[in-house]
Amino acid sequence: MNILQFLVSIVLFTVLAFGIGFIINMILRTTWLPVVIALGVIIGALVYNKIVPGLVDIVILAFGIAGSVVSGWTIQTLRKKGYRMF
């Protein structure tokens, strides 16, 4: 994997996890469920496929988890400021 693919993957996983987490938070009115779901999917996929991730894979997946954590933090902040989602 070259450096451009690596950088695009980081941005893609972060934005994708943030967007999906934000939507799940709005619909289900939970704050940290997307983080739990993301961790479960990642761990389940690694265990089921018996994959040993390399450093690049760990960094990309960590940014995906960071995106879902930021979505939970954003929803929590918006709710404290009085915004109601659905």
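Please read all numbers here as calculations on a predicted model, not as lab measurements. The figures that follow rest on heavy atoms only: side chains count, while hydrogens, waters and symmetry mates do not.
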Do the side chains of Thr14 and Phe18 get nearer than 4.5 Å, heavy atoms only? no

Could you tell me the separation between the CD1 atom of Ile20 and the CD1 atom of Ile37, rounded to the nearest 0.5 Å? 10.0 Å

Find the distance between CD1 (Ile23) and CG (Leu28) and round it off to the nearest 0.5 Å. 11.5 Å

Spell out, yes or no, whether Ile43 and Leu33 are grouped together once hydrophobic residues are joined by side-chain heavy atoms under 4.5 Å, including indirect joins. no

Atom pair CH2 (Trp32) and OG (Ser71), whose distance is rounded to the nearest 0.5 Å: 7.5 Å

Closest non-hydrogen atoms of Ala17 and Ser68, given as atom of the first, atom of the second and distance, are CB-N, 3.8 Å

What I'd like to find out is whether the side chain of Leu46 reaches to under 4.5 Å of the side chain of Ile42, using heavy atoms alone. yes

Do Pro34 and Asn25 have side-chain heavy atoms sitting under 4.5 Å apart? yes

Is there a continuous path of hydrophobic side-chain contacts, each under 4.5 Å between heavy atoms, that joins Ile3 to Ile58? no

Rounded to the nearest 0.5 Å, how far does CD1 of Ile75 lie from OG1 of Thr31? 8.0 Å

Name the residue from Leu4, Ile10, Val8 that meets the side chain to side chain contact (heavy atoms under 4.5 Å, CB included) definition with Phe6. Ile10

Please determine whether residues Phe13 and Val56 belong to a single hydrophobic cluster, defined as Ile, Leu, Val, Met, Phe, Trp and Tyr linked transitively by side-chain heavy-atom distances below 4.5 Å. yes

Joint hydrophobic cluster, Ile60 plus Leu39, side-chain heavy atoms closer than 4.5 Å: yes

Carefully, step by step, assess Thr74 and Leu78 under the rule side-chain contact (heavy atoms from CB on, under 4.5 Å). CA-CA 6 Å; Thr74 303; Leu78 288 172; 4.1 Å; yes

Look up atom OG in Ser9 and atom CG in Leu16, then write down how far apart they are to the nearest 0.5 Å. 11.5 Å

Exercise: identify the closest heavy-atom pair between Arg29 and Arg79: CA-NH2, 3.5 Å

Shared ILVMFWY cluster between Val36 and Ile27, side chains joined below 4.5 angstrom? no

